[in-house]
Amino acid sequence: NGTVRSTVAEAKTVRARIDGSYITGDVDLVFMAGAASLTLSEISADKVTVTADGVDEALMTVVVRDSQGNTVPGRTVTLEMSGSGNSITQPVGVTGANGVATGTVRSTVAEAKTVRARIDGSYMTGDVDLVFMAGAASLTLSGISADKATVTADGTDMATVTVVVRDAQGNTVPGRA
């Protein structure tokens, strides 16, 4: 009698020897991944800067791992994102044989956001920070104003004119002249 252990989730064939020669039979064992580890599981994004236009998106990938680092299939993953104006496409189904689930995040509000994931309802330790940037300037949503409508034509009196550049979602666009 003997025992067999492993920290690697995979199929293994166990053979025995008698006086140095293999016996004709063997035993196939399947070592399965353990419970999901909230600290060893990983979340990542294909990019960290996204245009806040409701169309551009970041692809989020969650790899669910057990305490030995093996990928864990069959786990439900949900994504959450801080801030407002968000649209999230949740992963479909459960993690595959590779322990991976993917979804996408979009927003119409230009701001820094954090994406977190839950595995079977519990938050993972890691998260991903994204920056949603304003899109191209919109000539119709950008605005111009003056602090007063009447200015004395004496070369001294003046009006302060302010231009606010906005994108198609109304986000202010910094750095535009």
Side-chain angles (χ1 to χ4, degrees), residues 2-15 26-138 141 165-176:
T3 58
V4 179
R5 293 184 181 106
S6 180
T7 58
V8 178
E10 64 184 359
K12 299 181 188 286
T13 299
V14 180
R15 299 176 68 192
D26 57 37
V27 174
D28 292 326
L29 299 176
V30 177
F31 288 86
M32 304 296 293
S37 167
L38 300 175
T39 55
L40 291 181
S41 296
E42 306 161 31
I43 183 171
S44 62
D46 66 336
K47 57 185 170 182
V48 295
T49 303
V50 187
T51 304
D53 60 3
V55 177
D56 192 18
E57 62 188 15
L59 174 66
M60 307 304 300
T61 301
V62 176
V63 181
V64 180
R65 298 189 183 281
D66 68 9
S67 62
Q68 301 300 317
N70 297 301
T71 56
V72 182
R75 302 295 84 191
T76 299
V77 173
T78 54
L79 301 172
E80 298 177 5
M81 186 164 62
S82 65
S84 59
N86 301 333
S87 176
I88 301 172
T89 302
Q90 295 292 343
V92 176
V94 296
T95 56
N98 59 359
V100 172
T102 60
T104 58
V105 294
R106 294 173 296 288
S107 185
T108 56
V109 177
E111 63 186 353
K113 299 175 186 278
T114 299
V115 180
R116 297 176 67 186
R118 290 182 190 237
I119 300 171
D120 293 333
S122 298
Y123 283 111
M124 292 176 48
T125 302
D127 56 36
V128 174
D129 292 326
L130 301 177
V131 177
F132 282 81
M133 304 294 289
S138 166
L141 292 182
V165 181
R166 298 192 185 282
D167 70 6
Q169 280 66 46
N171 297 302
T172 55
V173 181
R176 297 302 303 260

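The residues of the chain are indexed from 1 along the displayed sequence. Keep in mind it's a predicted model, so treat the numbers as computed, not measured. Hydrogens, waters and symmetry mates play no part in the numbers below; they use all other heavy atoms, side chains included.
Note that OG1 of Thr108 and CD of Gln169 are 6.0 Å apart. Values are rounded to the nearest 0.5 Å. Expressed to the nearest 0.5 Å, how far CZ of Arg15 lies from CG of Asp28 amounts to 11.0 Å.
Scored by the salt bridge (Lys or Arg N to Asp or Glu O under 4.0 Å) test, Asp120 finds Arg75 as partners (sequence neighbours excluded). Residues meeting the salt bridge (Lys or Arg N to Asp or Glu O under 4.0 Å) test with Asp26, sequence neighbours left out: none.
Asn70 is listed as a side-chain neighbour of Val8, based on a closest heavy-atom distance under 4.5 Å. By the 4.5 Å heavy-atom criterion applied to side chains, Thr51 and Met133 are not counted as neighbours. In this structure, the side chains of Met81 and Phe132 come closer than 4.5 Å at one or more pairs of heavy atoms.
Residue pairs meeting the side chain to side chain donor-acceptor pair (under 3.5 Å) criterion with at least one member in residues 34-44, sequence neighbours excluded: Ser37-Thr39, Glu42-Arg65. Every pair passing salt bridge (Lys or Arg N to Asp or Glu O under 4.0 Å) that includes a residue from residues 88-108 is listed here, sequence neighbours excluded: Glu57-Arg106. For residues 45-55, the pairs satisfying salt bridge (Lys or Arg N to Asp or Glu O under 4.0 Å) are Lys47-Asp56, with sequence neighbours left out. Judged as a salt bridge (Lys or Arg N to Asp or Glu O under 4.0 Å), the pairs with a partner in residues 76-94 (not counting sequence neighbours) are, in order, Glu80-Arg118.
Looking only at distances, a side-chain donor or acceptor of Thr95 sits under 3.5 Å from a matching main-chain atom of Val72. In this structure a side-chain-to-backbone donor-acceptor pair under 3.5 Å is missing from Thr114 to Ser82. No donor-acceptor pair closer than 3.5 Å links the side chain of Thr102 to the backbone N or O of Thr61.
The shortest non-hydrogen separation linking Gly103 to Leu79 is CA-CD1, 3.9 Å. Here the closest non-hydrogen pair linking Ala45 and Leu130 is CB-CD2, 3.9 Å. Scanning all heavy atoms of the two residues, the minimum distance from Ser6 to Lys12 falls at OG-CE, 3.1 Å. When all heavy atoms of Ala134 and Thr172 are compared, the pair lying nearest together is CB-O, 3.3 Å. Considering every non-hydrogen atom in both Pro73 and Ala97, the closest pair reads CB-CA, 3.9 Å. Nearest heavy atoms, Asn171 versus Ala110: OD1-N, 3.0 Å.
Among the candidates Val62, Val63, Ile119, Val77, the single residue satisfying the side-chain contact (heavy atoms from CB on, under 4.5 Å) test with Ile43 is Val62.
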